[in-house]
Amino acid sequence: MNIHPKTKYAYDLLHEGTLALARAEQQGLRINMDYCEKKKAHLTRKIERMERLFKETNFFKHWQHTVKSPVNINSNLQLSNFLYKIKKLEPAYSTTSGQGSTDEDALKQLNIPELNDLLEIRKLKKVRDTYLDAFMREQVDGYIHPSFNLHLVVSYRSSSDRPNFQNNPKRDEESMRIVRSAIYPRPGHQLMEVDYSGIEVRINACINQDKTLVNYMRDPTSDMHRDMAIQIFKLDHFAKGATGHKVLRQATKNGFVFPEFYGDYYKNCAENMACVWGGLSKERWKPGQGIPLEDPMSVKNGLEGIYINLSDQLISKGIKTFDQFTNHLKDIEQDFWNNRFPEYRSWKDRWYWDYQKCGYIDLLSGFRCQGQMDRKQVCNYPGQGTAFHCLLWSFNRVDKTLREGGWDSRLVGQIHDSMLFDAHPDEVERLAKVVQQITCHDLPQFWPWIIVPMEVEMELAGIDKSWAELKPYVFSK
DNA sequence: GGAACTCGCCAC
DNA sequence: AAACGTGGCGAGTTCC
């Protein structure tokens with residue numbers, strides 16, 4: 001695909017961005033080598049112990065018995081052959097090449113306890129071999145210098161390598177802690193991270209100008225994920241802090257709203273959502289099963305700890321089976337695109353039609369994408385690329401401010417919609433104010449097509465604390 | 001013995 | 001009609 005800046009603004013953004021990112025690369029991030037070595041040795045002992053135990057199981061002995069050469073428990077091809085060809089189990093699904101899948105989800109559906117041990121071994125090896133090893137290999141005098149590329153991604157996002165700084169574990173608490181505990185600020189400094197919240201959805205709202213979506217972004221009391229959770233789970237009330245509701249909101253956001261926006265459909269969404277309460281898919285909801293929901297009304301009345309189970313909630317509303325749930329999501333999908341976000345949908349139709357006529361799409365940030373794209377790519381690139389350009393514009397402006405002002409704090413990295421700082425403790429509060437000003441005020445002023453508010457979330461780790469120790473940071477504006 | 005491939009998995 | 005977008009990277013495997 002041939003992609004290029006169409007305007008001078010676009011050219012300058014990448015030119016300045018390359019320089020600003022190069023400065024961040026030069027700064028680098030401090031690695032605690034002592035920690036890495038000890039943790040690696042610890043993980044290795046743990047992995048060896050788990051492998052010994054695994055090799056004593058009847059499952060493994062059967063596996064080894066069926067083949068001539070020694071089994072490599074890291075080989076998914078060997079595992080796939082054993083499970084699906086020798087044991088003749090039915091794979092949950094297959095890979096693109098037709099082989100029975102052995103990924104986490106597929107193995108879990110087989111309900112074989114020994115496979116959970118294998119998954120645990122996989123997880124520890126991933127942490128050791130992909131992350132800790134990379135830090136130790138790439139560090140120079142105790143600092144890693146990840147590269148940030150602006151020329152490799154078709155949608156105009158960035159990428160990072162040697163080591164990739166944009167995929168360090170975050171969601172899994174254990175992996176997160178092991179990996180991010182290796183990364184430190186310079187002595188006496190603090191790590192600070194500033195994220196644009198929900199920037200891709202906000203930018204999509206600017207692009208398609210759907211009234212409902214724009215209003216959701218403008219009204220701070222509204223919450224589209226909450227509204228969709230209420231609709232999907234037929235909740236009578238939604239209590240922001242109540243146990244269970246937060247989980248349902250998160251599940252709705254990641255299992256329905258985002259996939260629908262990106263072009264997925266109700267059947268996959270139903271599978272996504274079923275994973276949340278687990279084990280229920282494709283069978284009758286069992287009463288008393290599923291995640292507990294705190295009763296919002298009793299919370300309101302000052303009574304805590306009254307719970308209803310999610311399955312009871314769904315059964316009481318007449319959704320008793322996975323098939324019924326799937327049909328329910330089909331109706332909701334219709335409503336989603338026909339009634340809730342009709343202008344988003346018509347934008348997609350129009351946008352793709354125009355691309356088919358002229359062969360390219362222009363982003364609001366002044367870039368053009370041309371070449372062969374399918375409908376989803378055509379509709380998704382503008383949000384993805386332009387959202388990153390907002391981050392890059394801010395990154396450049398912050399970099400310039402810190403350099404010209406002779407600050408001791410510095411930018412050290414970027415993860416698509418966030419910036420990472422190595423900050424001097426005396427400058428933290430002033431830094432927060434400057435970054436707030438640039439990201440949420442200066443940026444929308446520079447790009448008048450930004451018609452919804454921008455918001456950032458800040459996190460700060462203590463002095464000399466690692467990247468695993470980030471805590472929410474609020475300051476008085 | 002290295003290039004190119006598949007698969008799985010981490011991030012946004 | 002079909003059914004989620006963008007990357008990097010490690011291990012295993014196959015091909016030449």
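Only a predicted model underlies this, so the values are computations on that prediction, with no experimental measurement involved.
- Looking at heavy-atom distances under 4.0 Å, A:D133 makes no contact with the nucleic acid at all.
- Neither side chain, A:S94 nor A:Q99, offers a donor N or O lying under 3.5 Å from an acceptor on the other.
- Remark: A:R128 pairs with A:T44 by the side chain to side chain donor-acceptor pair (under 3.5 Å) rule, at least two apart or across chains.
- No contact: A:R375 has no heavy atom under 4.0 Å from any strand.
- Between A:F336 and A:F341, the angle of the ring planes goes over 60°, which puts this pair in the perpendicular group of the 30/60° scheme.
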Requested in this report: Just do the side-chain hydrogen bond (donor to acceptor under 3.5 Å, both in side chains) check on A:E260 and A:W337 with the steps written out, would you?
Outcome: CA-CA 9 Å; A:E260 285 285 346; A:W337 290 113; 3.1 Å; yes
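- At the heavy-atom level, A:Q384 lies under 4.0 Å from base atoms of the strands shown.
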Give me the distances for all protein-to-nucleotides 7-11 of chain B N/O pairs that come in under 3.5 Å?
from: B:dC7; atom 1: OP1; to: A:T95; atom 2: OG1; distance (Å): 2.7
from: B:dC7; atom 1: OP1; to: A:S97; atom 2: OG; distance (Å): 2.0
from: B:dC7; atom 1: OP2; to: A:T96; atom 2: OG1; distance (Å): 3.0
from: B:dG8; atom 1: OP1; to: A:T102; atom 2: N; distance (Å): 2.5
from: B:dG8; atom 1: OP1; to: A:T102; atom 2: OG1; distance (Å): 2.7
from: B:dG8; atom 1: OP1; to: A:D103; atom 2: N; distance (Å): 3.3
from: B:dG8; atom 1: O3'; to: A:R122; atom 2: NH1; distance (Å): 3.3
from: B:dC9; atom 1: OP1; to: A:R122; atom 2: NH1; distance (Å): 2.8
from: B:dC9; atom 1: OP2; to: A:E104; atom 2: N; distance (Å): 3.2
from: B:dC9; atom 1: O2; to: A:K126; atom 2: NZ; distance (Å): 3.0
from: B:dC10; atom 1: O4'; to: A:Y131; atom 2: OH; distance (Å): 3.2
from: B:dC10; atom 1: O2; to: A:N167; atom 2: ND2; distance (Å): 2.9
from: B:dA11; atom 1: OP1; to: A:K170; atom 2: N; distance (Å): 2.5
from: B:dA11; atom 1: OP1; to: A:R171; atom 2: N; distance (Å): 2.9

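- No engagement by A:S80 is indicated, since no non-hydrogen atom pair under 4.0 Å with the nucleic acid exists.
- A:Y196 and A:S394 share a side-chain donor-acceptor pair at under 3.5 Å.
- To the nearest 0.5 Å, atoms OH (A:Y131) and CZ (A:R180) are separated by 9.5 Å.
- Outside the 6.0 Å centre-distance limit, the rings of A:Y11 and A:F367 are not counted as a close aromatic pair.
- Close approach of DNA chain C to chain A, defined as any atom under 4.0 Å from a non-hydrogen atom of the protein, starts and stops at C:dA3 to C:dT13.
- Using modelled atom types and a 3.5 Å distance limit, the side chains of A:Y266 and A:D331 yield no donor-acceptor pair.
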